[in-house]
Amino acid sequence: MGKTYDAVVVGAGVFGAWTTWHLLRAGQRVLVVDKYGPASARASSGGETRVIRMAYGSDEIYTRMSQQSLPAWTNFFARIGSPGLFRETGVLSLAAEEDEAAVQSVAVLVRNGIRHEVLDHDTLVQRYPQMAVPPGGWGIFEPESGGLFARRAVQAVVQDNLRAGAELRLAAAGAPAGDTHLAEIRTDSGEAIRADRFVFACGPWLGNVLPDILGGRIFPTRQEVFYFGTAGDRRFSARDLPIWLDFGLGYYGFPDIDERGFKVAHDAHGEAFDPDTLERFPTPARIAHAREFLARRFPALAAAPLIATEVCQYENTSNGDFVLDRHPAFDNVWIAGGGSGHGFKHGPAVGAYLVGRMLEDAPAEPRFSIATKQGVQNREVH
Ligand SMILES: Cc1cc2nc3c(=O)[nH]c(=O)nc-3n(C[C@H](O)[C@H](O)[C@H](O)COP(=O)(O)OP(=O)(O)OC[C@H]3O[C@@H](n4cnc5c(N)ncnc54)[C@H](O)[C@@H]3O)c2cc1C
């Protein structure tokens, strides 16, 4: 019989990587199983960059998790000698004249002591002349927020975990079987892996891996990301422009960083997506839609050439709240997922929360329970 681990973590995306990291700090012997490898091109964590911001409307719980996660990321990057995996570009959330969510964001930022500036229309126009701001538009600028180099950051956490003693198996894990207590999981190569506890952090695959519990309650959607060439125009580089979010028009993006191009992505949920089988070519309709957005908001880039693309998937819950909970049928099986297009930044806080629940019986947050997840999408968290 093979050895028994303290914990097996299935999935080496951002949630699994940070859960493992915290388990190791708690002295656990951990085996990680991933069927495609850490932050692969199929995983939701496999993109080039992800935003970390604090403004979350009235959803203060996520503001606090971001606030907890940002120093965890930067301390980690400093310790491994890769501080450049975070870029402090600042993040600008654009708001319409009557924008209740933005007003709520400001109140939450103030309450939590988060540095920010409220920029009125004239200040926006003056500071960012490359951006067209409609009358009445205003914004919230967070100078200390920015961008994470997502794929490389997760792979760095996994490497750090391996150095700290974790083991990594490239294999697909099967669903938990048995009742009340799970002794082992089986992989597609026929291996049985025994552990005291198991974490399923399978991102968009959670509904397939745990069909009884999450089938029809995790909605993977196709999302396209575009990088437009700026030809070195510094108005669109991180020197002159922060990361920006325009929830009114449904877009967000990055200035040109490291000559990758000006990143533009539509945050509205795309079609249902199978991360195993579907190809990842961009669609002409969505490219045209992104160009229409550019023409409105960054007119100088409306005709810029498309120089790179990514097709990824969100792994949405019904309302956008995460699933971080114990499996209802097993006392030693835990679930981490439902990042819903905004989960990446929170990796460190998610890992800390889950390990606190697992090892210290820390209080449960009702918003993260399986019971609150519905079978019909009704997005509330952005
Ligand atoms: C285009 C796009 C833009 C985004 N932008 C942002 C942003 O700006 N800011 C932000 O905070 N968040 C953002 N997100 C959301 C964020 O990236 C995700 O919420 C997060 O990466 C999810 O991580 P995860 O670990 O849950 O899942 P994943 O990264 O998908 O990891 C799941 C892992 O499980 C493995 N796996 C699955 N099934 C099995 C099995 N049976 N056996 C073994 N291994 C298995 C997979 O191979 C995979 O590696 C964005 C997402 C997308 C797609």
Side-chain angles (χ1 to χ4, degrees), residues 8-20 31-54 56 62 65-66 69-70 73 91 145-148 150-151 153-155 157-158 168-176 185-189 193 198-210 218 220-226 243 245 252-254 263-267 269-270 273 275-276 280 309-317 320 322-324 335-347 349-351 354 381-382:
V8 165
V9 176
V10 182
V14 73
F15 283 2
W18 276 103
T19 300
T20 304
L31 173 75
V32 179
V33 184
D34 197 295
K35 64 176 180 171
Y36 294 120
S40 75
R42 282 188 173 90
S44 295
S45 306
E48 190 73 7
T49 49
R50 297 285 184 258
V51 187
I52 180 161
R53 45 132 175 152
M54 310 287 151
Y56 255 100
Y62 294 111
M65 287 173 80
S66 283
S69 293
L70 180 53
W73 281 114
V91 173
S145 295
L148 296 158
R151 172 178 53 83
V154 172
Q155 289 171 350
V157 177
V158 172
L168 175 64
R169 199 79 93 247
L170 281 186
I185 51 166
R186 287 198 172 266
T187 68
D188 54 351
S189 60
I193 305 174
F198 297 82
V199 179
F200 285 83
C202 303
W205 291 268
L206 268 177
N208 300 345
V209 179
L210 304 171
I218 294 286
T221 56
R222 179 189 162 82
Q223 307 298 142
E224 298 187 8
V225 177
F226 305 117
I243 290 172
L245 303 156
Y252 67 93
F254 279 57
K263 174 174 169 176
V264 176
H266 198 205
D267 182 54
H269 294 169
F273 193 76
D276 284 314
R280 294 169 188 257
T309 62
E310 294 166 3
V311 177
C312 192
Q313 68 284 316
Y314 287 171
E315 62 304 322
N316 307 293
T317 58
F322 303 155
V323 190
L324 307 171
I335 298 166
S340 305
H342 70 105
F344 193 91
K345 65 181 80 59
H346 302 291
V350 163
L354 204 68
V381 181
H382 289 268

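Basis for what follows: all heavy atoms, side chains included, without hydrogens, waters or symmetry-related copies. Count residues from 1 along the sequence. Counting convention: from 1, in listed order, for ligands and their atoms alike.
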Inset, instruction - Give the intermediate values and the outcome of side chain to side chain contact (heavy atoms under 4.5 Å, CB included) for residues Glu224 and Thr309. - result: CA-CA 7 Å; Glu224 298 187 8; Thr309 62; over 6 Å; no
Inset, instruction - If you have a sec, work out which protein heavy atom is nearest atom 5 (N) of ligand 1 and how many Å separate them, to one decimal? - result: Arg50 CD, 3.2 Å
Inset, instruction - Indicate whether the side chain of Ser44 and that of Gln313 have a donor and an acceptor atom separated by less than 3.5 Å. - result: yes
Inset, instruction - Just need the protein heavy atom nearest to atom 31 (O) of ligand 1, so name the residue and atom and give the distance. - result: Gly13 CA, 3.4 Å
Legend entry - Under 3.5 Å: N/O of Ala172 near N/O of ligand 1: no
Inset, instruction - Would you kindly specify which portion of Lys345 sits under 4.0 Å from ligand 1, judged on non-hydrogen atoms: side chain, backbone, both or neither? - result: both
Inset, instruction - Locate the shortest heavy-atom distance separating Ser69 from Gly347; write the atom from each residue and the value. - result: OG-N, 4.5 Å
Inset, instruction - Record the part of Thr187 in heavy-atom contact with ligand 1 below 4.0 Å; permitted values are side chain, backbone, both and neither. - result: neither
Legend entry - Polar atom proximity, Lys35 to ligand 1 (N or O, under 3.5 Å): yes
Legend entry - Contact (N/O only, under 3.5 Å) between Val10 and ligand 1: no
Inset, instruction - May I ask you to check if ligand 1 and Ala173 share an N or O to N or O distance below 3.5 Å? - result: yes
Inset, instruction - For ligand 1, find out whether one of its N or O atoms is nearer than 3.5 Å to an N or O atom of Glu315. - result: yes
Inset, instruction - Could you check which of Gly11, Gly339, Ala43, Ala201 puts a non-hydrogen atom nearest to atom 32 (C) of ligand 1? - result: Ala201
Legend entry - Whether Lys263 side chain and Thr49 backbone form a donor-acceptor pair below 3.5 Å: yes
Legend entry - N-O pairing of Glu310 and Arg280 below 4.0 Å: no
Legend entry - Heteroatom distance test (His342, ligand 1): nitrogen or oxygen, under 3.5 angstrom: yes
Inset, instruction - Return the residue, atom name and 0.1 Å-rounded distance of the protein heavy atom closest to atom 16 (C) of ligand 1. - result: Phe344 N, 3.5 Å
Inset, instruction - May I ask you to identify, for Trp205, whether its side chain, its backbone, both or neither come under 4.0 Å of ligand 1 on a heavy-atom basis? - result: side chain
Legend entry - ligand 1 to Tyr314 polar contact by distance, N or O atoms, under 3.5 Å: no
Inset, instruction - Indicate yes or no: does an N/O atom of Ser44 lie under 3.5 Å from an N/O atom of ligand 1? - result: yes
Legend entry - Candidate with minimal heavy-atom separation from atom 33 (C) of ligand 1, of Asn208, Asp34, Val51: Asp34
Legend entry - N/O separation below 3.5 Å, Cys312 to ligand 1: no
Inset, instruction - Would you check whether Ser45 has a nitrogen or oxygen atom less than 3.5 angstrom from a nitrogen or oxygen atom of ligand 1? - result: yes
Legend entry - Shortest non-hydrogen separation from Val91 to Ile52 and the atoms involved: CG2-O, 3.7 Å
